[in-house]
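Data first, discussion second: the structure below is written as structure tokens.
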Amino acid sequence: QVTLVESGGGLVQAGGSLSLSCAGSGRTLRVFDMGWFRQAPGKEREFVAAISWDGEDTRYADPVKGRFTISRDNVKNTVALQMDSLKPEDTAIYYCAIQRGEGWGPADFASWGQGTQVTVSS
């Protein structure tokens with residue numbers, strides 16, 4: 001069983017940057033495609049970015065394209081999300097998860113971490 005733990009969240013001004021990390025334990029992550037999601041207060045959890053098991057393929061939601069970068073280190077068993085040019089609308093709890101299905105919605109992912117809060121002030 002895989003346990004995922006996110007870290008790196010915090011409070012940042014608009015235009016700033018944050019780097020999130022997702023660490024896996026209990027099993028290697030190198031065989032899994034991975035994703036990041038976020039959930040703002042009163043809103044549904046939404047897809048942010050995903051990366052293939054070998055790091056060769058990435059996918060981003062339109063609101064974060066060109067600003068966020070997903071990467072992974074299969075030696076360290078981690079997945080990262082570099083967030084630049086942050087906007088107040090990026091404020092949310094950010095979660096990482098393992099992709100189990102074929103789609104990009106929350107139902108296609110599993111083994112959710114506890115999340116890390118990102119707050120962007122204007």
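Excluded from the calculations below are hydrogen atoms, water molecules and symmetry mates; all remaining heavy atoms, backbone and side chain alike, are included.
- Between Trp112 and Leu4 the shortest side-chain heavy-atom distance does not fall below 4.5 Å.
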Notebook entry, point to check: So Leu18 and Leu86, side-chain contact (heavy atoms from CB on, under 4.5 Å) or not? Walk me through it.
Noted result: CA-CA 8 Å; Leu18 281 175; Leu86 283 162; 4.2 Å; yes
Please list, one pair per line, the donor and acceptor atoms closer than 3.5 Å that link side chains of residues 32-47 to other protein atoms, with sequence neighbours excluded.
| residue | atom | partner | partner atom | Å |
| --- | --- | --- | --- | --- |
| Asp33 | OD1 | Trp53 | N | 2.7 |
| Arg38 | NE | Glu46 | OE2 | 2.6 |
| Arg38 | NH1 | Asp90 | OD1 | 2.9 |
| Arg38 | NH1 | Tyr94 | OH | 3.0 |
| Arg38 | NH2 | Glu46 | OE2 | 3.2 |
| Gln39 | OE1 | Arg45 | NE | 3.3 |
| Gln39 | OE1 | Arg45 | NH2 | 3.3 |
| Gln39 | NE2 | Lys43 | O | 3.1 |

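- The side chain to side chain contact (heavy atoms under 4.5 Å, CB included) check on Gln1 picks up nothing, with sequence neighbours excluded.
- To the nearest 0.5 Å, atom OG1 of residue Thr3 and atom CZ of residue Arg27 are 12.5 Å apart.
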Arg72 and Thr78: CA distance, side-chain angles, deciding distance, side-chain contact (heavy atoms from CB on, under 4.5 Å) verdict = CA-CA 6 Å; Arg72 67 189 302 158; Thr78 59; over 6 Å; no
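- Within the 3.5 Å criterion, the main-chain N or O of Gly24 finds a donor-acceptor partner in the side chain of Asn77.
- Thr58 OG1 to Lys65 NZ: the interatomic distance, rounded to the nearest 0.5 Å, is 10.0 Å.
- Taking the side chain to side chain contact (heavy atoms under 4.5 Å, CB included) definition, one finds that Ser7 meets it with Ser21, sequence neighbours left out.
- Closest non-hydrogen pair, Gly115 versus Glu6, comes out as N-OE1, 2.8 Å.
- Linking Ile, Leu, Val, Met, Phe, Trp and Tyr whenever their side-chain heavy atoms come within less than 4.5 Å puts Leu20 and Ile51 in one cluster.
- Here CG of Asp73 is found 10.0 Å from CZ of Arg30. Values are rounded to the nearest 0.5 Å.
- Looking at heavy atoms from C-beta onward, Pro63 lies out of side-chain contact with Glu89 at the 4.5 angstrom threshold.
- Neither Val79 nor Tyr95 shares a network with the other; the hydrophobic side chains, linked directly or stepwise wherever heavy atoms of I, L, V, M, F, W or Y lie under 4.5 Å apart, form separate groups for each.
- For Ser17 and Asp84, the side-chain atoms include at least one donor-acceptor pair closer than 3.5 Å.
- Listed by first and then second residue, the disulfide (SG to SG under 2.5 Å) pairs that reach into residues 50-122 are Cys22-Cys96, sequence neighbours excluded.
- At least one side-chain heavy atom of Val48 sits less than 4.5 Å from a side-chain heavy atom of Leu81.
- Residues Ala110 and Ala97 share a closest heavy-atom pair of O-CB, 3.4 Å.
- Taking Asp57 as the reference, nothing meets the salt bridge (Lys or Arg N to Asp or Glu O under 4.0 Å) condition, with sequence neighbours excluded.
- Connection of Val118 to Tyr60 is established within a shared hydrophobic cluster, with ILVMFWY side chains joined at heavy-atom distances below 4.5 Å, either directly or through further cluster members.
- Considering only heavy atoms from C-beta on, Val2 comes within 4.5 Å of Ile98 through its side chain.
- Here the side chain of Thr91 pairs a donor or acceptor atom with the backbone of Val120 at under 3.5 angstrom.
- Listed by first and then second residue, the disulfide (SG to SG under 2.5 Å) pairs that reach into residues 36-87 come to none, sequence neighbours excluded.
- Residues Arg100 and Asp108 have side chains not in contact (no heavy-atom distance under 4.5 Å, counting atoms from C-beta outward).
- Cluster membership check: Val64 shares its hydrophobic cluster with Met83, using side-chain heavy-atom separations under 4.5 Å among Ile, Leu, Val, Met, Phe, Trp and Tyr.
- Among all heavy-atom pairs drawn from Ala14 and Ser122, the shortest one is CB-CA, 4.4 Å.
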